[in-house]
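First the structure, in the form of structure tokens, and then the observations on it.
Position 1 is the first residue of the sequence, and the numbers go up from there. For ligands, and for the atoms within them, numbers begin at 1 and follow the listed sequence.
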Amino acid sequence: METTFSKEQLKDTNNKSSDKILRKCVHCGFCNATCPTYKLLGDELDSPRGRIYLIKDMIEKNKPANEKIVKHIDRCLSCYGCMTTCPSGVNYMHLIDHGRNHIEKTYKRPLVDRVIRNFLSITLSKPFNFRLMIILILFLKPFKIFFPKKVKEMISLIPKKIPRKNLPKMYIYPSIKRKKAVARVALLTGCVQSVISPQINEATIRLLNRHGIEVVVPKSIDCCGSLNYHLGKAELAKETFKKNISVWHNEYLKNGLDAIISNTSGCGTTLKDYGFIFKSDKNFKKKAKKISELTKDISEYLNENVKLNFVQNKENSKEYKIAYHSACSMQHGQKVHDIPMNLIKKTGNKVFNIPDGHLCCGSAGTYNLLQNSIAKELLKNKILNIKKINPQFIATGNIGCITQISNGTQIPILHTVEVIDWYTGGPKPTILRKL
Ligand code: SF4
Ligand code: SF4
């Protein structure tokens, strides 16, 4: 694609990077075929190719965003299915991030939208605030008929209770039964996940400790920053990125870290992108690159570094039929698909890909909260496809998908790490108690 950025414009590193990305696009439109919003809405402007044109026009001409552009960019799930399909290697992820930041700088959203987005930014990225919000919403739930439709829909997605934590909050979780740990890793426990599904972090820590690995959870790190980044709040997100980079890098230099583990693929995708985000920041460039290099999804880390001790007992001797849901951030964002599936297969169960598994379930960070009707349609399709397998339970590697899918079906859904923990000596997940 021909671009016309001026020399002056290209001094800006974001423009320079977007220029390179745009020049790779040959308008072929292959990406449109696998875009969930294009499939659903049938409008070229709701396709990757259409959005690429919208972003190009906006940033190249340095035009402020308008209502039409914002509508179509907001409808993008950032599922990155288009990146997997594109034969020319167009990095749509970096382009849409640039577009979203430009929108935030040049467009004033209607008051209600601003309030909702600021509310999500403040509450979701801080576990304490999020916990408080759930308590408040549970209290207000009986009065929800008095709220506007959008708020009512958002309330219906909030979990009905906050689960109890079984592991105390510690900085270091030492390896079990070994004098010296075989490895030392940091774990990102996450903002939303640590509140609504603490059992995922607990299973991760238990599993790693049992296999001789020491786990470090720095107290000052909770959110990876992606929630704010994808809301277009780049400056706010960068504060979080910088704090995380400094804390982990310090830990790496002082005490050594073999990896930084993410067990939420949405967060892992962002952590792996820190290096790109700080590519032109003299103070953070090298450190950010190191953090990205150290980051591994838990399934990648287990596959590459751990000899798993599978144990059979009466709790796990039954054979299950499992549907594996490959989160978009995992398969398209991180290009990790077979590894988690193969790990689950090692448990001796039957594991199946979900038909049309490349299409998003509609979760996509805050998407199911902000674009509820599209998210519902995508969820409906996902559930229909899951039912074709008729599984006893579903496994996946992203808390957003777990929350979204469990809103559409009674079939239990687990994190991959909970399955592996269970088959290597951990407890049977409570959600499967009746199976
Ligand atoms: S990221 Fe997903 S929703 Fe957005 S344009 Fe690409 S395929 Fe479509
Ligand atoms: S598939 Fe790639 S090259 Fe073709 S239109 Fe989409 S982004 Fe451009």
Side-chain angles (χ1 to χ4, degrees), residues 1-3 17-60 65 68-103 226-227 229-232 265-266 269-270 272-273 276 325-335 337 356-382 398 400-401 404:
M1 184 181 283
E2 201 188 328
T3 58
S17 133
S18 292
D19 179 59
K20 266 195 200 158
I21 299 169
L22 289 165
R23 281 174 177 271
K24 281 191 173 177
C25 177
V26 294
H27 331 243
C28 63
F30 287 169
C31 50
N32 287 10
T34 53
C35 171
T37 55
Y38 182 64
K39 276 176 90 81
L40 215 59
L41 305 163
D43 184 339
E44 173 76 17
L45 294 179
D46 286 315
S47 76
R49 187 172 58 183
R51 291 184 180 116
I52 288 171
Y53 278 111
L54 290 176
I55 297 169
K56 176 182 187 291
D57 189 48
M58 191 170 59
I59 57 176
E60 203 176 47
K68 181 179 161 195
I69 296 176
V70 173
K71 179 173 112 180
H72 298 291
I73 299 295
D74 278 358
R75 280 181 180 171
C76 171
L77 293 139
S78 279
C79 68
Y80 313 133
C82 46
M83 283 171 56
T84 300
T85 317
C86 175
S88 308
V90 171
N91 193 317
Y92 178 85
M93 173 167 88
H94 293 153
L95 194 66
I96 187 111
D97 284 342
H98 187 185
R100 289 204 167 108
N101 293 338
H102 186 84
I103 288 175
S226 65
L227 272 166
Y229 202 55
H230 293 136
L231 281 170
S265 57
T269 308
T270 303
K272 288 181 177 180
D273 207 35
F276 174 84
H325 167 73
S326 198
C328 296
S329 42
M330 188 80 92
Q331 59 169 322
H332 304 306
Q334 299 187 44
K335 305 280 178 263
H337 176 70
D356 273 343
H358 61 285
L359 294 175
C360 183
C361 65
S363 162
T366 53
Y367 195 91
N368 53 355
L369 298 169
L370 295 168
Q371 300 284 338
N372 196 267
S373 51
I374 300 176
K376 267 188 186 162
E377 279 303 305
L378 292 171
L379 175 62
K380 204 169 84 191
N381 294 341
K382 183 61 73 184
N398 190 45
C401 309
Q404 170 79 343

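Of all protein heavy atoms, the one lying nearest to atom 6 (Fe) of ligand 1 is C82 SG, 2.4 Å. When only non-hydrogen protein atoms are considered, atom 4 (Fe) of ligand 1 lies nearest to C76 SG, 2.3 Å. The shortest contact between atom 2 (Fe) of ligand 1 and any protein heavy atom is with C79 SG, 2.3 Å. Scanning the protein for heavy atoms near atom 8 (Fe) of ligand 1, the closest one is C35 SG, 2.4 Å. In this structure, atom 5 (S) of ligand 1 lies nearest to the protein heavy atom R51 NH1, 3.1 Å. Nearest to atom 3 (S) of ligand 1 among the protein's heavy atoms is L77 N, 3.4 Å.
Listed by chain and number, the protein N, O or S atoms at a distance under 2.8 Å from atom 4 (Fe) of ligand 2 are C28 SG.
If you take SG on C328 and CG on N398, they are separated by 9.0 Å, rounding to the nearest 0.5 Å. Atom CG of residue L379 and atom SG of residue C401 lie 11.0 Å apart, to the nearest 0.5 angstrom. A distance of 5.0 Å separates CZ of R51 from SG of C35, quoted to the nearest 0.5 Å. T37 OG1 to D74 CG: the interatomic distance, rounded to the nearest 0.5 Å, is 12.0 Å. Here OG1 of T269 is found 8.5 Å from CE of M330. Values are rounded to the nearest 0.5 Å. Here the CG-CD1 distance, from L95 to I59, works out to 5.5 Å after rounding to the nearest 0.5 Å.
Within the 4.0 Å heavy-atom criterion, the part of S78 lying near ligand 1 is the backbone and not the side chain. The residue Y38 has no part lying near ligand 1, judged by heavy-atom distances below 4.0 Å. Of all the heavy atoms of M83, none lies under 4.0 Å from any atom of ligand 1, so neither backbone nor side chain is involved. Contacts between I52 and ligand 2 below 4.0 angstrom, taking non-hydrogen atoms only, involve the side chain exclusively.
Counting only N and O atoms by type, the side chains of N32 and S47 include a donor and acceptor under 3.5 Å apart. Between the side chains of H98 and S18, a donor-acceptor pair is found at a separation under 3.5 Å.
The backbone N or O of R75 lies less than 3.5 Å from a partner atom in the side chain of Y367, making a donor-acceptor pair. Within the 3.5 Å criterion, the main-chain N or O of K272 finds no donor-acceptor partner in the side chain of Q334.
Under a 4.0 Å criterion applied to the non-hydrogen atoms of Y92, ligand 1 contributes the atoms 1 (S), 4 (Fe), 5 (S), 6 (Fe). Taking every non-hydrogen atom of P36 and a distance limit under 4.0 Å, the qualifying atoms of ligand 1 come out as 7 (S). The atoms of ligand 1 that sit less than 4.0 Å from any heavy atom of P48 are 5 (S). Numbered from 1 in the order shown, with element, the atoms of ligand 1 that lie under 4.0 Å from a heavy atom of Y80 read 1 (S), 2 (Fe).
Residues forming a side-chain hydrogen bond (donor to acceptor under 3.5 Å, both in side chains) with D273 (at least two apart in sequence, or on another chain): H94.
Looking only at side-chain heavy atoms (C-beta outward), I55 and H102 stay at 4.5 Å or farther from each other.
Heavy atoms from other residues, nucleotides or ligands lying under 6.0 Å from NZ of K380 number 12 at most.
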